[in-house]
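Residue numbers begin at 1 in each chain, while the letters A, B, ... track the order of the sequences.
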2 protein chains.
Amino acid sequence: MAVRKTVERQTGVALWRQIADRIRLAISNGDYDATGMVPPETALAQEFGVNRHTVRSALAALADEGLVRAVQGRGTLIERKERVTYPISRRTRFSQGLGRQVKEIGTRLFAHAQVPASSEIAAALGLPPGAALIELNTVSSGDGRPLSTSISYFPAERFPRMAEEYARLGSVTKAFAAQGLSDYVRASTEIVARHAEAEELALLQLSPGAIVLEAHAVNTDLDGRPVEYARTRFAADRMKLRIET
Amino acid sequence: MAVRKTVERQTGVALWRQIADRIRLAISNGDYDATGMVPPETALAQEFGVNRHTVRSALAALADEGLVRAVQGRGTLIERKERVTYPISRRTRFSQGLGRQVKEIGTRLFAHAQVPASSEIAAALGLPPGAALIELNTVSSGDGRPLSTSISYFPAERFPRMAEEYARLGSVTKAFAAQGLSDYVRASTEIVARHAEAEELALLQLSPGAIVLEAHAVNTDLDGRPVEYARTRFAADRMKLRIET
DNA sequence: CTAAAATGTCTATTGATCTAGACAACTATA
DNA sequence: TATAGTTGTCTAGATCAATAGACATTTTAG
């Protein structure tokens, strides 16, 4: 007999959303790989102890995300399941790490500006507060699916053409190279998980209630001088972070 | 004028829960440090564009968590706000990293068993599938607040007294030492974020809909032989992970 | 002491979520 | 070609979430 999976009532999270989250997790865990299909609605309803209509709401949400596709008479087919692994190491490069997992990587620079450094970012970059920074706002996707969005800060004095070079080359590594920095390393990374905000839902094409992994990273040149402060938000249900030591 | 913060309707997540999540985040970001209090209910209601009763539901949930305390006539006081930083490096030790941030660290071994290795864990530990493992189930807390729960696996042949030594010493590092392993290092860590399951809600004393950071880690001895596979789930709104490279 | 500002409590109403049941439409297979 | 198994659609009712307003209670400031 199937194990009765628990869902909590009266918690402010609708049952259909809890069930959608559980099914999404089961798909990415490969629980349904044997058939390539989600179990029948009636089976899921019994498993979760809810009405079939509630399960249908959950599956409709997953179909909206493009994760599954219902076919009348046959069942509900799984369209996608992989979680992309993003490696974090001393030599973290966005495109390199994802290279073999997705066919096509897209980066989009949707805004940039010159801004004064906040005290927090100034401290992280070893600059005086208020120092001029180039801010880049980007969204990166793999095979057309948004994976992460970043706000990156670079010292404007040292890398004055950052925005133009990034727009031209589509890569931080190449934009650095074009401005005379041939190599850099990751100094530190801090990670928190939280619910996505409205802007992130839009940029990453997430459904409300989704989770983002937010990483604050500092990159330095080989002399240890900070060259970049980045705040990257990953779509948590599409990504896994791998830390290599 | 206060910025109007967006909440999404008809998403399967109740407005009061979305607002509770936003306020919790604002508290841990230190947004209200100036006063030590949450803004008045009427101000929050206007800020989020909802009825005061909806804000009250959100604050009641936060009060249940012990995060805030409402005092009639005065306002709603913030009781706790810190996020504990958990460092992950080649020499990751649970208690060491938290030492300065919390006064008192508690570890509780609530179950242990000898189990055969699944194919996944066997591969991670470099053992044949089905090899005997000691499984430890623990909950760790800082200053009385649960921070993480772990399921750890150790090769039973090499560390036969793992459960007893851990129960006696309250530390993996010390239990290793008592069995002849004086040093070990972190080989790899993988991190995903997801919604907490029912068991995790209970163990970590979370409210439904909460997020957990799940880390899968392999530790090895200095010769590179795996000695531990651990699946640790952190209460995401109490923790920050810091990766040191 | 008074007034303003804040939280606490109550009632009523509307809309969203969940349950329940019935039946239609479609697919695969014996 | 039946038949079982599956998804699609509809109706009706029960429960939960959110709004709206009024007023009580408590604390703080003047």
Legend entry - Protein-nucleotide distance (B:Ile19, atom CD1; D:dA18, atom C1'), rounded to Å: 10 Å

Inset, instruction - Taking all non-hydrogen atoms of both residues into account, name the closest pair between B:Glu79 and B:Val68 and its distance. - result: CG-C, 3.8 Å

Inset, instruction - Report yes if a side-chain nitrogen or oxygen of A:Ser57 is closer than 4.0 Å to either non-bridging phosphate oxygen (OP1 or OP2) of C:dC18; otherwise report no. - result: no

Inset, instruction - Using whole Å, report how far NE2 of B:His53 lies from C1' of D:dC23. - result: 11 Å

Inset, instruction - Would you give a per-nucleotide map of nucleotides 25-30 of chain C, 5' to 3', where B means the base has a protein non-hydrogen atom under 4.0 Å away, S means only the sugar-phosphate does, and - means neither? - result: BBBS--

Legend entry - Value in whole Å for how far the C1' atom of D:dT19 lies from CG of B:Leu44: 17 Å

Legend entry - B:Pro146 to B:Leu203 - nearest heavy-atom pair and separation: CB-O, 3.9 Å

Legend entry - Closest approach of B:Ala193 to A:Ala193 (non-hydrogen atoms, all atoms of both residues): CB-CB, 3.8 Å

Inset, instruction - Using only side-chain N and O atoms of A:Thr42, determine if any of them is under 4.0 Å from OP1 or OP2 of D:dG5. - result: no

With a cut-off of 3.5 Å and sequence neighbours excluded, list every side-chain donor-acceptor pair involving residues 54-67 of chain A.
residue: A:Arg56; atom: NH1; partner: A:Glu41; partner atom: OE1; Å: 3.3
residue: A:Arg56; atom: NH1; partner: A:Glu41; partner atom: OE2; Å: 2.9
residue: A:Ser57; atom: OG; partner: A:His53; partner atom: O; Å: 3.2
residue: A:Glu65; atom: OE1; partner: A:Arg24; partner atom: NE; Å: 3.1
residue: A:Glu65; atom: OE2; partner: A:Arg24; partner atom: NH2; Å: 2.6
residue: A:Glu65; atom: OE2; partner: A:Ser207; partner atom: OG; Å: 3.2

Inset, instruction - Would you please name every residue forming a side chain to side chain contact (heavy atoms under 4.5 Å, CB included) with A:Pro116, sequence neighbours left out? - result: none

Legend entry - Interatomic distance where CE belongs to B:Met37 and P belongs to D:dT27 [whole Å]: 13 Å

Legend entry - Parallel, tilted or perpendicular, as decided by the 30° and 60° cut-offs, for the rings of A:Tyr153 and A:Tyr229: tilted

Legend entry - Per A:Pro40 side chain, nearest of listed nucleotides C:dC18, D:dT7, C:dG8: D:dT7

Legend entry - Heavy-atom pair with the smallest gap, counting every atom of A:Met37 and A:Tyr32: O-CB, 3.4 Å

Legend entry - Under-4.0 Å side-chain N/O to phosphate OP1/OP2 contact, A:Arg56 with D:dT7: no

Inset, instruction - Rounded to the nearest angstrom, tell me the gap between atom CZ in A:Arg52 and atom P in C:dA20. - result: 14 Å

Legend entry - Closest to the A:Val50 side chain, choosing from C:dT7, C:dT19, D:dT7: C:dT19

Inset, instruction - Could you state the atom-to-atom distance from CD of A:Glu41 to P of C:dC18 in whole Å? - result: 16 Å

Inset, instruction - Report the distance from atom CH2 of A:Trp16 to atom P of D:dC16, rounded to the nearest whole Å. - result: 18 Å

Legend entry - Length of the CG-P vector between A:Asn51 and C:dA20, whole Å: 6 Å

